[in-house]
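Notes follow the structure.
Owing to the predicted nature of the structure, the values given are computational and were not obtained by experimental measurement.
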Amino acid sequence: MNVDPGRQLRAIARMTVSIRLAVSALVLAAILLTAALSSLLWWRTAEAASRQLASTINEQIVAAVRKEVSAIVDEARAAHTAIRTLFLQNVLDTREADKREFVFLSQLQSQATISWVAFGWPDGSFFAAHKLGDRRLEMMEISLTDHPGERRVDEYDVVPGDIEFANRRFEPTDFRVADQAWFKAGLGAEDPQWFRVMDHATGERPSIAFAGPIDVYQERQGVLAVIIEYTRLARFLSQLEVGRTGTAFIVDGSGELVAAPDKDADELHPARGDTALLPLARAALDQAGEAGRKEAWQSRLTSGGAAYEVALTPLPFPGWSLATVIPEAEFLGPVETTLHRLILGLAVGAVLAALASAMLARSVIAAPLSRVVGELRHVEAFALEQVRRHPSRLKEIASLSGAIAEMAAGLSAFRKFIPADLVRGLLRQGVEAKPGGSVQELSVMFIDIAGFTGLSERLGDRVVPLLSRYLDLTSEIIVANGGTIDKFIGDAVMAFWGAPQPQGDHAARCCRAALACRRAIDESGLVDDLGQPLQIRIGINSGRMLVGNIGSELRLNYTVIGDAVNVASRLEGANKSYGTQILIGAATERLARGAVVTREVDSIAVYGREEGLSVHELIGMVNENAVGSIGWIADYERGLAAYRARRFADALADFEAVLKRRGDDRPAELMRDRCRQLAAAAPDVTWRPVAALASK
């Protein structure tokens, strides 16, 4: 289906808006965006401050709990060590009831967090001192020899600085210390260790115990245990202020609750703290995984439509973690209320300010910007000479106009690096500055200075003026003949014809430019450091090659690549072997036939290829008088045909005829010497009339 381009342009024009409307909309959007960003910034700042407050509260709680747990652990170890030392030094015998009771009770009184001090004998007998809250103690003994199945209990009241006996009772019991894990492990251990304890002589009470063996004179007397009930931890947690509605839990590695805040919990009253937020703590443990058990971890979790800040911190006791759960609304609620009011006020103010700004922008900004846009259109088309500076009362627009003019001036300087005609052509064709290209039939040329490596080594930095003059001459001729300069590689010049503007006679143009370059260098009087005229070598080839923007997204080069390009580069180097100045490929000779005078030099296999390529020397253009007598070309090509037909004697005669007519012709000399060798030693059937080049 055909589409009218004019109709497309008119449709696009109807879709665009005027600069005045665009500027007004931009001002309005800018003000609204500023208001939104201000609100967002305020919200983020308030949120960060609130979260910092929550973090500070959490740090204080963590510090207090870690200190308490460390104290509990240290007290248990200290009590165990003190009693164990008395036994080891034989100050106290395990069977001395009075002294034993006094020591155990003194430890309960001196260590506020200890709930039990217990001892079990290898025969299964058991003795323990146990707190009953803060104002009562009890001593209990279970003997499996005197009164099996019976527990003797002595109760004491705690008075300032002392204890007073209250009563004694006997009651049945099924408690067996031999069934306790701490006792069984302690009998076979060498050092005390921590245990989790559930069963006691008074019933089930979740606890931890620091238990280890007691040896006197290398004889195991029994196992001593210092026990802390979880209710002591629950009471301590209740003293912490975790915000107004937050809470803190101590949990073990499996997520089981160790303690929740309960101010009434003690050895007489089991902990019944509020555990409504405990599932969030367990969810945090699952989410944090192993990392949450080794280091501090914090996250935001939701439950029932409400958000909570949950933090996990490892505690000094192995496997325990402190989980603090604080409702987000507790510290962000006032912020949200203030934010809503702020947004409403900012929205009203922004609309009023935007309307006033839009009216001012239409009269003050839109018209000058329209003129500036016009100058940008000139820059877009690379018509840099048309760019003008426009004064304005607004400093910013005047600066913008000046910057565009300066930019145009700066870009003009790049014409020495980037052909302006090439850029304009690419812009007209809509070629985007991104990697891509197409395969086309083009002609490419490589020019090089003969012996430049040695010349540059001898001259050093003095080679720059010579090189600059040489590059100026060749560049001007290439551009004058419609060529595109691809790049300079040291003394080498690479150029191509047929792109970006199509050229039906690209091969002839390329040949004409090559001859003009040779003539210009000869007439320039350029000499090397030895006073010898500067000599150049040129290789030309035509064929299908990839042309376009080659490179990366960061840097592009409008260039050609492909096998035909590589062959042109090899032909430039082949001049050294044949003593010629301009060699062209068979495709170039075919495309330019009728416009150029050439002779076929040889069939060569360039470096990196095995098949033979027909190579021609460019002599001149057909309409040039400087070509002179070219009868020797027929002699050479007749000799080349005889050489290829293995008639080496006939070929030798033809090449000798060329040398008589020209006097000095390096290709004829090479072919003459080659025919002499082949005539003296006839080649076998595998011989091919193809010369292989050993270097690029």
Lys/Arg-Asp/Glu bridge criterion (N-O < 4.0 Å) met for R169, E155: yes

Qualifying residues under salt bridge (charged side-chain N to carboxylate O under 4.0 Å, His left out), relative to K99, sequence neighbours excluded: E96

Beyond-backbone contact of I250 with F236, side-chain heavy atoms, under 4.5 angstrom: no

Aromatic F127 / basic R100 pairing, under 6.0 angstrom, 45° off normal: yes

More than 12 heavy atoms of other groups within 6.0 Å of R135 CZ: no

Heavy-atom pair of closest approach, residues S321 and L315: C-CD1, 3.9 Å

Test item: S115 side-chain N/O and E229 main-chain N/O as donor-acceptor pair under 3.5 Å: yes

Spatial distance of atom CD1 (I83) from atom OG1 (T94) [nearest 0.5 Å]: 12.5 Å

D266, D264, D262 screened by salt bridge (Lys or Arg N to Asp or Glu O under 4.0 Å) with R235, the one that passes: D266

Side chains of S303 and Y308 in contact at under 4.5 Å (non-hydrogen atoms): yes

Ring center gap for F175 and F126 short of 6.0 angstrom: yes

Results of salt bridge (charged side-chain N to carboxylate O under 4.0 Å, His left out) for D215 - residues two or more places apart only: R220

Validation row: P279, R282 side chains within 4.5 angstrom (heavy atoms): no

Minimum heavy-atom distance between A211 and A225, given as atom pair plus value: CB-CB, 3.8 Å

Backbone of W121 reached by a side-chain donor or acceptor of S125 within 3.5 Å: no

Validation row: V251, L285 side chains within 4.5 angstrom (heavy atoms): yes

Minimum heavy-atom distance between F210 and A76, given as atom pair plus value: CD2-O, 4.1 Å

Trace of the side-chain contact (heavy atoms from CB on, under 4.5 Å) decision for Q180 with F195: CA-CA 10 Å; Q180 301 299 307; F195 297 89; over 6 Å; no

Output field: ring centroids F119/F87 closer than 6.0 Å: yes

Main-chain N/O of E309 paired to R300 side chain as donor or acceptor, under 3.5 Å: no

Side chain to side chain, E101 and Y156, heavy atoms closer than 4.5 Å: yes

Interatomic spacing from CZ in F317 to CZ in R66 - rounded to 0.5 Å: 14.0 Å

Least distance between heavy atoms, V69 atom then P316 atom: CG1-CD, 4.0 Å

Donor-acceptor contact below 3.5 Å, side chain H200 vs main chain R205: yes

N-O pairing of R152 and D154 below 4.0 Å: yes

From L280 atom CG to T324 atom OG1, the distance as rounded to the nearest 0.5 Å: 11.5 Å

K67 vs S70, side-chain contact (heavy atoms from CB on, under 4.5 Å): CA-CA, chis, key distance, verdict: CA-CA 5 Å; K67 181 178 180 180; S70 295; 5.7 Å; no

Over all atoms of both residues, closest heavy-atom pair of F183 and A178: CD2-CA, 3.7 Å

Greater than 12 external heavy atoms within 6.0 Å of E164's CD: no

Rounded distance (nearest 0.5 Å) linking atom CD1 of I61 with atom OG1 of T247: 9.0 Å

Nearest heavy atoms of A281 and L312, plus distance in Å: O-CD2, 4.4 Å

Side chains of S299 and V310 in contact at under 4.5 Å (non-hydrogen atoms): no

From CA spacing to verdict: side-chain contact (heavy atoms from CB on, under 4.5 Å), V73, W194: CA-CA 10 Å; V73 171; W194 287 99; 3.7 Å; yes

Main-chain N/O of E219 paired with Q221 side-chain donor or acceptor, under 3.5 Å: yes

More than 12 heavy atoms from other groups under 6.0 Å of CG on D98: no

Salt bridge E267-R232, side-chain N to carboxylate O under 4.0 Å: yes

Lys/Arg N to Asp/Glu carboxylate O, D252 vs R196, below 4.0 Å: yes

Distance (rounded to the nearest 0.5 Å) between T275 OG1 and L257 CG: 7.0 Å

K131 side-chain N/O to L108 backbone N/O, donor-acceptor pair under 3.5 Å: yes

Reported NE2-to-CG distance for the pair H269 and L132, which is rounded to 0.5 angstrom: 10.5 Å

side-chain contact (heavy atoms from CB on, under 4.5 Å) between L88 and T85, intermediate numbers included: CA-CA 5 Å; L88 290 179; T85 301; 5.7 Å; no

4.5 Å side-chain heavy-atom contact, T202 and H130: yes

Residue pair Q109 / I163, side-chain heavy-atom distance below 4.5 Å: yes

Side chain H80, main chain L224, donor-acceptor under 3.5 Å: yes

